[in-house]
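Only a predicted model underlies this, so the values are computations on that prediction, with no experimental measurement involved. First the proteins, then the strands, lettered A, B, ... as listed; each starts at 1.
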Amino acid sequence: VAPAVDIFEGKDDLLLYADMPGVRKDDVSIHIDRGELTIHATRAYQQSGRSPLTAERPSIDYRRTFALQGVDADRVEAELSAGVLKLRLPRSSTLRPRQIAVKSG
Amino acid sequence: MFSRFPAFDRPHAPFDELRRQMFRMLDELDTAAPAAPDGFPQLSLADAGASLVLEADLPGMTEKDVDIQLTGDVLTLKAERRVSAPEGYTVHRNERAPARLARSIALPCKVDPERTSATLTDGVLTLTLAKAAEAQPRKISIKATLQARFDTRQEVRHGPAQDKRQRRDEGSPRGPFATGAGACRAAERCAEADRGARGGHLRGQG
């Protein structure tokens, strides 16, 4: 299942929020490979000792891939809080808009 | 200086973009996580013997965003989700919509409103509702004379091969000779009283 995602653009970085309820920190894997960011997480529905009456929440495999451009893969930060995965993707310095001062000569 | 040549170390590079576009198209098809028809996040309700356990996916919500009410045996869940762009950021993609949600469900048996507990961890609300005293599982013992009759019948009729079958049957209340334990276990199922328990009783007596 592809999780619902918000992407916010800032001057120096991008923020990516993904809804992954029920996922624990150890069940998340984030890969960056050849300009592709893949987030993958699993959520197991535990039903030991219970008999389900409604089961709308199955075990879920969250997976989604994004194409990255101009992101510094070494400085990506990830955080998981309240079932939301939060990624901070800093723009790489070479692509950041830069003002070039003109010297008078 | 080699950039004029299309990435000789990655001969499949031209297909990467194609594959990316294809996967993105598929992603768009099933973007939203599965939700109930009314848009409320997923719920699951389970019978854990002495209590009912309800779980709901509420990603990104905190305790104060959730309101739970119990009226008789109808449980109402309300949740509000506030999502806004962080300061200084512009929205590029917005799928996690802000929402105000409510959902009521009829519980399959009476619960004790004094003995309920709710926790919200990892974006999942877990509600434990203890069953009311009259809905608690109760053991129904079968009269000893009946059991004795069964025992003698088993001894007389079953050879070694049939003994194996008998052992397997003991676990399930629907077996031909539900023993005391099997029948009681069936009776314990509050919510499945219509099916499991009745089957167990009838067979226990006949």
Side-chain angles (χ1 to χ4, degrees), chain A residues 1-28 33-38 41 43 45-69 80-86 88-89, chain B residues 10 13 16-17 19-21 23-24 26-36 40-49 51-62 81 83 85-97 105 107-108 120-125 189 191-192 196:
Chain A
V1 176
V5 158
D6 275 359
I7 299 173
F8 302 112
E9 277 188 77
K11 241 188 298 173
D12 304 324
D13 53 5
L14 296 161
L15 298 180
L16 190 153
Y17 293 179
D19 279 350
M20 296 178 162
V23 166
R24 290 192 198 91
K25 206 182 86 189
D26 301 335
D27 302 331
V28 183
D33 183 29
R34 290 178 184 168
E36 272 185 15
L37 167 77
T38 304
R43 196 256 317 261
Y45 177 57
Q46 33 161 310
Q47 54 181 139
S48 54
R50 305 171 184 173
S51 44
L53 302 171
T54 64
E56 296 173 2
R57 300 170 60 253
S59 297
I60 285 185
D61 215 26
Y62 293 106
R63 182 188 294 276
R64 196 152 176 189
T65 303
F66 304 89
L68 286 187
Q69 269 182 348
L80 186 68
S81 70
V84 179
L85 179 72
K86 298 179 175 178
R88 206 178 77 84
L89 310 156
Chain B
R10 292 170 54 206
D16 279 358
E17 187 54 32
R19 182 172 57 89
R20 223 172 258 164
Q21 282 178 9
F23 276 121
R24 195 176 300 170
L26 290 175
D27 271 356
E28 313 242 315
L29 281 180
D30 73 342
T31 282
F40 197 88
Q42 303 282 297
L43 282 183
S44 67
L45 183 64
D47 187 345
S51 58
L52 300 172
V53 180
L54 181 127
E55 290 173 315
D57 288 345
L58 300 170
M61 290 181 225
T62 57
R81 169 145 119 164
V83 179
E87 198 72 22
Y89 288 87
T90 53
V91 177
H92 179 67
R93 194 174 185 105
N94 189 359
E95 297 166 358
R96 304 165 61 242
I105 52 166
L107 299 173
L120 189 58
T121 46
D122 293 334
V124 176
L125 174 77
R189 302 253 174 116
E192 293 178 16

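Judged by distance alone, the side chain of B:Asp57 and the main-chain N or O of A:Gly22 form no donor-acceptor pair under 3.5 Å.
Here the closest non-hydrogen pair linking A:Leu15 and B:Pro86 is CD1-CG, 3.6 Å. Nearest heavy atom pair, residue A:Val5 against residue B:Glu95, reads N-OE1, 2.6 Å.
Residues A:Arg24 and B:Asp122 are in side-chain contact: their nearest non-hydrogen atoms beyond the backbone lie under 4.5 Å apart. Proximity of B:Thr90 to A:Phe8: side-chain heavy atoms (C-beta onward) are nowhere separated by under 4.5 Å. Taking the side chain as every heavy atom from C-beta outward, A:Asp13 and B:Tyr89 approach each other to under 4.5 Å. Within the 4.5 Å cutoff, no side-chain heavy atoms of B:Arg19 are placed close to those of A:Thr65. Taking 4.5 Å as the limit, every side-chain heavy atom of A:Tyr17 sits out of range of all side-chain heavy atoms of B:Pro59.
A salt bridge does not link B:Glu55 to A:Arg43: none of the charged nitrogens lies less than 4.0 Å from a carboxylate oxygen.
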